[in-house]
Amino acid sequence: MAIFISRIIKNYCMKKVCLLVLLVNLFLIPVSFAQRPGGTQGPEAPKDPIVEAIVKEETDNSQLVQIAQELMDFIGPRLVGTPQMKQAHDWAVAKYTSWGITARNEKWGEWKGWERGVTHIDMISPRVRSLEGMQLAWSPGTAGKTVTAEVVIFPDLADSLAYVNWLPTVKGKFVMISMLQPTGRSDDNWDDFGTKTSIEKMKKARTEMTEAWNKRISKSGFTLRTLPVALENAGAVGVVQSNWSRGFGVNKIFGAYTKKVPQIDISLEDYGLLYRLTEAGHKPKIAVRADSKDLGVQPTFNTIAEIRGSEKPDEYVMLSAHFDSWDGGTGATDNGTGTITMMEAMRILKKIYPNPKRTILVGHWGSEEQGLNGSRAFVEDHPEIVQHIQVLFNQDNGTGRVVNLNGQGFLHAYDYLGRWLTKVPREIRDTIETRFPGNPGGGGSDYASFVAAGVPAFSLSSLNWSYGTYTWHTNRDTYDKIVFDDVTSNVILAAILTYMASEDPVTTSREKSVMPLNPRTGKPGNWPEQTKATRKGGL
Ligand SMILES: [Zn+2]
């Protein structure tokens with residue numbers, strides 16, 4: 001179907017019957033954009049010794065567990081500007097070198113340097129309990145001391161003037177700036193065990209409490225960004241929040257806005273405890289020790305590795321995965337799994353297919369989490385490579401096996417991706433839903449940096465394994481969440497697609513499909529524009 005549509009559109013384009021093209025495209029969108037379950041199904045391709053060797057190498061001799069432990073357990077999270085990020089880049093170069101693959105770290109910018117130290121939080125009154133919590137990224141510490149103080153709740157007052165009058169009362173206190181959650185159980189758990197009435201009641205209460213809290217913040221005249229700064233300027237000794245991720249034990253851990261005092265996140269359970277005790281008039285006190293170091297300005301890097309092409313060395317097949325992470329956990333599924341997938345695919349390709357036709361590159365990007373900065377910088381800095389990328393495959397949405405592949409709006413993506421996929425073992429291929437020509441991604445992960453530059457760049461999109469709730473940017477994104485069977489399958493997929501793309505006698509088409517009509521303007525939508533990398537961040 002997609003080939004048929006492509007041809008129609010192309011023929012009309014040649015005749016420059018543009019309006020008709022739009023009409024044809026508009027008419028056909030529901031068909032061509034529809035999910036096509038099992039869309040890559042087809043007869044088994046003749047056996048290919050390279051493909052068989054790739055599958056065998058990953059099945060018999062996978063290094064995934066080894067490199068996952070080294071990266072996630074030993075080095076740990078990889079927040080931009082931290083020593084661990086640099087350590088990870090150096091580790092990757094050393095690892096590639098040990099596999100006989102040329103690799104380098106490319107500096108592309110600078111970031112606020114910071115190193116996380118110990119965070120220790122105890123409730124010491126009205127009873128003793130050690131609390132689960134941590135400093136947010138880039139938070140100031142407590143200067144080597146333990147700070148003990150009462151906690152107060154950001155109050156519900158009439159208007160911004162009332163808040164101005166209230167502010168001086170925070171002097172010497174920890175201020176809680178998140179709402180109380182009505183339940184610490186996940187929605188899945190409610191669905192399993194709640195009655196219809198109790199579920200509806202809980203959801204109604206949650207919606208009302210959330211709206212009331214948002215209103216409390218907005219009528220204060222502050223935002224969640226400006227409030228922590230106003231509190232520390234008024235003499236608060238710390239800002240306390242709980243960014244619950246709607247699952248058991250999970251909080252999202254992002255960056256602090258305070259400049260002088262710690263901004264800490266406390267688990268839903270312990271935050272709720274403090275909140276209820278405060279509301280009941282028990283004036284709980286907490287003791288906080290937060291060690292962290294401001295390291296000034298630090299350079300930021302991408303790690304690039306390559307297996308030189310033998311026939312067309314100036315054409316590139318590229319693997320891609322961001323290397324950085326948030327640091328609440330160890331970035332195991334965001335994006336440790338994408339990282340080890342691409343590293344392992346490179347290791348196998350070097351061993352099984354050491355003389356590729358085209359040059360095989362891999363990009364391990366820095367600072368994706370702050371806006372695709374490493375990959376955007378690479379696109380800006382290497383036009384000579386970007387112009388000649390045959391294809392790029394990026395993986396960055398968790399540990400799951402790849403189940404979606406979208407043509408990103410490239411008119412002929414179906415032709416080449418479909419052809420290469422025929423070589424992938426059926427048990428891997430048949431669970432991938434394809435969508436052609438699909439829509440060009442404007443963001444979300446690093447493939448978008450390349451799509452914006454017109455490069456056929458695709459996202460190997462994973463089964464979610466409760467990614468959004470349980471691991472994405474959370475304190476539970478750790479080694480134990482990795483599903484190695486799925487990552488193994490993704491390594492085989494990435495390695496075979498790379499091999500096929502490298503061997504393909506045809507250079508891929510970059511022709512873009514006519515974008516779907518924007519219902520507001522009645523005109524076709526625009527291809528995503530290239531965005532400049534932030535080269536100096538967090539300062
Ligand atoms: Zn990610």
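Whatever order the structure lists them in is the order used to number ligands and atoms, beginning at 1.
- For E369, every N, O or S atom stays at 2.8 Å or more from the Zn ion (ligand 1).
- Within the structure, the salt bridge (Lys or Arg N to Asp or Glu O under 4.0 Å) test picks out the following pairs touching residues 377-406 (sequence neighbours left out): E380-R535, D381-R535, R401-D486.
- Among residues at least two apart or in separate chains, there is no salt bridge (Lys or Arg N to Asp or Glu O under 4.0 Å) pair with a member in residues 439-458.
- The nearest N/O/S atom of D334 to the Zn ion (ligand 1) is OD1.
- Distances from the Zn ion (ligand 1) to each N, O or S atom of D396 single out OD1 as the nearest.
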CA sep, side-chain torsions, deciding dist, call: F484, Y479, ring-ring contact (aromatic ring centres under 6.0 Å, His included): CA-CA 10 Å; F484 281 99; Y479 179 92; 5.6 Å; yes
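- Across V483, N490, I482, a single residue satisfies side chain to side chain contact (heavy atoms under 4.5 Å, CB included) together with T337, and that is I482.
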